[in-house]
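All values derive from a computational prediction rather than experimental measurement. One-based numbering, in listed order, for ligands and for the atoms of each.
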Amino acid sequence: MTTRVWDYLEEYGAEREDILDAVDTVFSSGRLILGGSMRAFEEEFAAYHGMPHCVSVDNGTNAVKLALQALGVGPGDEVVTVANTAAPTVVAIDAVGATPVFVDIDPDTYLMDTTQVAAALTDRTRCLLPVHLYGQCVDLEPLRSLAREHGLVVLEDCAQAHGATRNGVRAGTTGDAAAFSFYPTKVLGAYGDGGGMLVRDEDIAQRMRRLRYYGMEERYFVVETPGHNARLDDVQAEILRRKLTRLDGYIAARRAVAERYAAGLAGTGLVLPSVAPGNDHVYYVYVVRHPMRDRILKALHDHDIELNISYPWPVHTMTGFSHLAGRTGPLPVTESLADEIFSLPMYPSLPERTQDRVIDALREVLAAL
Ligand SMILES: *Cc1c(COP(=O)(O)O)cnc(C)c1O
């Protein structure tokens with residue numbers, strides 16, 4: 001059987017009764033949209049983070065987009081972020097009419113190089129958008145100081161970092177707002193699409209609630225500005241409530257996989273993930289690096305193991321973002337990384353025998369290079 005980087009069927013087998021009960025709970029409740037499950041999930045997700053407000057939405061891209069709008073970021077504004085991210089981070093910036101400005105990444109963690117942010121600021125910069133990529137946190141302290149000094153907002157893209165901490169502080173609790181995705185592969189994943197935003201400020205939370213509901217507060221009355229339809233489905237919300245109670249267990253299981261990989265692959269020449277001091281990594285993806293990446297992927301494919309690349313094309317090199325050309329300086333670390341990284345199978349229910357199969361195949365292939 002082909003080994004894939006992600007699979008949910010093992011987990012579904014173990015949690016099937018609970019998931020089906022969640023579906024039945026919503027179907028039987030008499031309220032399918034903006035119902036009790038959605039509100040309960042928002043309260044519980046906020047409480048998990050010790051935050052006053054969670055506003056749920058239909059996916060992570062809209063979480064970034066609505067958070068930007070609620071923070072007042074729009075046409076003419078510049079948003080400083082990274083090109084080594086999932087395209088949706090930048091799709092959302094583009095969708096609100098703002099211009100992404102990319103800084104390069106740290107060569108060890110592959111996260112935003114925060115020392116480059118000050119030089120990227122202009123009088124149009126409005127927002128700093130760090131991405132807690134792969135499951136570990138960007139150091140937000142230097143970004144917060146810059147934001148204070150220059151009157152900017154900080155939006156954390158937490159789509160890959162549910163439950164991750166830095167110096168004991170959870171991802172999503174430091175910036176002016178945070179955006180999460182609950183896409184099925186994510187560390188907290190639904191059985192379909194989902195997303196959410198965390199925010200401390202009551203007025204911004206209220207604006208987020210309006211933006212996901214056409215711009216309405218009371219029914220049938222658009223208050224401030226036309227919004228979107230971006231509601232989280234109650235069925236997904238109820239499933240997420242159930243899975244939130246198991247989130248710390250999923251994270252522990254991911255860490256155990258990472259430890260097994262690290263032990264099994266030490267000394268092979270693969271560059272293994274580097275965890276920054278103070279970070280507790282949640283291993284959304286397990287990213288390794290090797291100059292002969294493409295040969296390794298092909299050889300693993302011959303072993304019936306399909307690996308993935310997160311991400312093969314830095315955002316600024318994609319033709320769909322060619323309208324940004326010329327605005328971004330060279331990003332040498334980002335660009336060389338994209339040719340060398342790949343990700344190993346990673347999900348909480350990944351059987352140990354499959355982990356060992358991946359380790360053995362990689363050891364064999366690397367020894368023969
Ligand atoms: C998954 C992801 C998103 C988008 O989430 P969707 O739910 O797929 O819209 C945004 N940013 C990052 C970093 C992601 O990994």
Consider ligand 1: state whether an atom of it lies below 4.0 angstrom from any non-hydrogen atom of K186.
yes
Proximity of W6 and Y8 rings by center, below 6.0 Å:
yes
With heavy atoms of T61 as the reference, note each atom of ligand 1 found under 4.0 Å away.
4 (C), 5 (O), 6 (P), 9 (O)
Could you find the nearest protein heavy atom to atom 3 (C) of ligand 1 and give me its residue, atom name and distance?
P88 CG, 3.6 Å
Is the closest basic N to carboxylate O distance between E44 and R241 below 4.0 Å?
yes
Is the closest N or O pair between Y284 and ligand 1 shorter than 3.5 Å?
no
Got a salt bridge between R207 and D203, using NZ or NE/NH1/NH2 to carboxylate O under 4.0 Å?
no
Would you say V64 touches ligand 1, if touching means a heavy atom closer than 4.0 Å?
no
Quick one: does G60 get an N or O within less than 3.5 Å of an N or O on ligand 1?
yes
Would you say D193 touches ligand 1, if touching means a heavy atom closer than 4.0 Å?
no
Taking C-beta and beyond as the side chain, do V79 and V101 meet within less than 4.5 Å on heavy atoms?
no
The one among N59, D157, T185 that brings a heavy atom closest to atom 10 (C) of ligand 1:
D157
Any side-chain donor paired with an acceptor under 3.5 Å for T114 and D139?
no
Verify, without hydrogens or angle tests, whether N84 (side chain) and Y110 (backbone) share a donor-acceptor contact under 3.5 angstrom.
yes
Test salt bridge (Lys or Arg N to Asp or Glu O under 4.0 Å) on R246 and D18; report intermediate values, then the result.
CA-CA 12 Å; R246 298 188 281 271; D18 190 42; 2.9 Å; yes
Considering the options H162, E156, Q160, which one meets the side chain to side chain donor-acceptor pair (under 3.5 Å) requirement together with H132?
E156
Atoms in ligand 1 with a heavy atom of T85 nearer than 4.0 Å
13 (C)
Considering only non-hydrogen protein atoms, determine which one is nearest to atom 12 (C) of ligand 1 and report residue, atom name and distance to 0.1 Å.
A159 CB, 3.3 Å
Ligand 1 atoms nearer than 4.0 angstrom to some heavy atom of V131 are 13 (C)
